[in-house]
Each structure stands twice: as C-alpha cells, then as structure tokens.
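I have placed the structure first, in the form of structure tokens, so that the comments after it can refer back to it.
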Amino acid sequence: MSKSYFENVFEVTKRIPVGRVTNYGAIADFLALGSARMVGWALNKSKHLNIPAHRVVNRKGELSGRNQFPHPQLMEQLLQSEGIEIVNNKVVDFKNLFWHPGWDLKQSDFITKVKK
DNA sequence: GTTTTGACGGTCT
DNA sequence: TAGACCGCCAAAA
C-alpha cells in the first residue's frame, strides 16, 4: 500500500462529520505529520477529487483556502449549506464546531508509515 | 541535487 | 492583546 501522506489527509478529510469543521494542525497532529503546511498542500491536490476540503479551515477558523476553490465563494457556500454560518470568511462559533480526527478515528488506521 | 514555495501552527516579543 | 518570526516536511522547478 504505502499510501502517500496526502492520501491519508484525503481519507481523514472525507471523515469529517457534516456540519463540523477542523483545522490543518489537527489533521497534521493526527497523522503525526508534524506540519500543518503539508495538510494544506495535500488538500491543494484534492481539488480535482471529491474531497470536502471546505470543512478544513485554519486555526483561526478562517476560510484560508477559499481562494483555491473554483469560486472563492463556493467554500463558504458549501459550509453554509451544511448549517455552518460564515461571517467575514470566518466560521462562526468555530470553537464549538471544531472537530478533531482523533475523537472518532484511530491513528492506527491512518498512520502512514510511508517511508517506503 | 539544490532551492523555493506552500489552503499553517505555536511561541516569542 | 496583537503582531512578527521561526519551524515542519514534502513536492515541484
């Protein structure tokens, strides 16, 4: 198998509950990537896939990646469609809507172990 | 093979 | 409390 680290990011991202959001650091920490930047980078490739990347925001709860969507408004539109309120490109009550992968997922099933 | 960039996070000032 | 700097790891040029 040896999934690439971004493959793991995709799976975790797809497991984000609807109506919930997470941040790059949470995914990075969950996968023990050690760097949130890779998560954002991995999601950058997810554009052409069916990945709910709109549920991933930065630590401030801001839709930092909206600019990478086909239409910058699409990200907040999708979030609002899931019941998440967005104001000034930020998630309202982000702290309450925040979801950590480790709450429902096990590292054992995602830890990459890539290092071919 | 080396350098630069990247949808970020945490800590220091 | 807010702003600035440095650090993480990998892929593309």
Side-chain angles (χ1 to χ4, degrees):
Chain A
M1 278 296 282
S2 36
K3 292 182 179 178
S4 299
Y5 77 99
F6 51 85
E7 290 291 333
N8 278 302
V9 174
F10 295 161
E11 291 189 49
V12 173
T13 303
K14 287 192 291 187
R15 277 142 207 225
I16 298 171
V18 178
R20 285 291 180 83
V21 294
T22 189
N23 60 5
Y24 305 95
I27 297 172
D29 181 66
F30 177 71
L31 296 176
L33 296 174
S35 181
R37 287 190 156 171
M38 334 176 130
V39 177
W41 206 21
L43 289 175
N44 190 319
K45 295 180 183 171
S46 71
K47 291 182 306 181
H48 64 95
L49 298 174
N50 293 329
I51 308 295
H54 57 273
R55 291 179 193 157
V56 183
V57 296
N58 64 6
R59 187 203 180 284
K60 303 168 198 169
E62 299 173 315
L63 284 60
S64 50
R66 75 190 154 133
N67 197 19
Q68 289 304 329
F69 279 74
H71 296 291
Q73 297 176 333
L74 182 61
M75 188 170 184
E76 59 182 87
Q77 182 178 322
L78 290 170
L79 289 171
Q80 289 178 26
S81 183
E82 295 180 355
I84 298 172
E85 190 174 355
I86 306 299
V87 175
N88 192 15
N89 296 320
K90 297 186 190 70
V91 177
V92 178
D93 200 6
F94 170 67
K95 186 177 76 173
N96 188 25
L97 295 174
F98 178 76
W99 175 83
H100 193 283
W103 293 348
D104 293 332
L105 303 178
K106 295 189 288 286
Q107 287 96 341
S108 304
D109 292 336
F110 288 92
I111 280 300
T112 128
K113 280 194 182 168
V114 215
K115 298 309 173 189
K116 63 173 167 94

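Letters A, B, ... are given to chains in the order of the sequence lines, protein chains preceding strands, and every chain is numbered from 1. All heavy atoms count here, side chains included; hydrogens, waters and symmetry mates do not.
- When the nearest nucleotides of DNA chain B are assigned to A/Trp41 and A/Ala26 by heavy-atom distance, the more 5′-ward of the two goes with A/Trp41.
- Between the CG atom of A/Asn58 and the C1' atom of B/dG10 there is a distance of 13 Å, rounded to whole Å.
- For the residue pair A/Glu82 / A/His54, a side-chain donor-acceptor distance below 3.5 Å is found, with atom types taken as modelled.
- The CG atom of A/Leu79 lies 9.5 Å from the CG atom of A/Leu74; values are rounded to the nearest 0.5 Å.
- Remark: P of C/dA10 and CG of A/Leu31 are 13 Å apart, rounded to the nearest angstrom.
- Taking the P atoms as reference points, C/dG3 lies 22 Å from B/dA7, given to the whole Å.
- The separation between A/Lys60 atom NZ and C/dA2 atom P is 12 Å, rounded to whole Å.
- For the pair A/Leu43 CG and C/dC9 P, the computed distance is 18 Å after rounding to whole Å.
- Contacts of A/Asn23 with the nucleic acid, taken as non-hydrogen atoms under 4.0 Å apart, involve only primed sugar atoms and P, OP1 or OP2.
- One atom, NZ of A/Lys90, and another, P of B/dA7, lie 19 Å apart when rounded to the nearest Å.
- For A/Asn44, counting side-chain heavy atoms from C-beta on, the closest listed nucleotide (C/dA10, B/dG9, B/dA7) is B/dA7.
- Looking at the side chain of A/Ser35, the nearest of the listed nucleotides B/dA7, C/dC9, B/dG9 is C/dC9.
- Taking every side-chain heavy atom of A/Lys45 into account, C/dA11 is the closest of B/dA7, B/dG9, C/dA11.
- Considering only the side chain of A/Gln68, B/dA7 comes nearest among C/dA10, B/dG9, B/dA7.
- Atom pair A/Asn8:CG and C/dA10:P shows a separation of 13 Å (rounding to whole Å applied).
- Residues A/His100 and A/Asp29 have side chains in contact (heavy-atom distance under 4.5 Å, counting atoms from C-beta outward).
- Ring-plane geometry between A/Phe94 and A/Phe98 is classed as perpendicular, the angle between the planes exceeding 60 degrees on a 0 to 90 degree scale with a lower cut at 30.
- Atom-to-atom, CD of A/Glu7 to C1' of C/dA11 comes out at 15 Å; the value is rounded to the nearest Å.
- In this view, A/Gln73 satisfies the side-chain contact (heavy atoms from CB on, under 4.5 Å) rule with no residue, not counting sequence neighbours.
- In this structure, A/Arg59 reaches the B/dG10 phosphate: one of its side-chain N or O atoms is under 4.0 Å from OP1 or OP2.
- Across all strands shown, A/Ala28 has no heavy atoms under 4.0 Å from either base or sugar-phosphate atoms.
- Summarising the geometry, the separation between CE on A/Met38 and P on C/dG7 is reported as 16 Å, rounded to the nearest angstrom.
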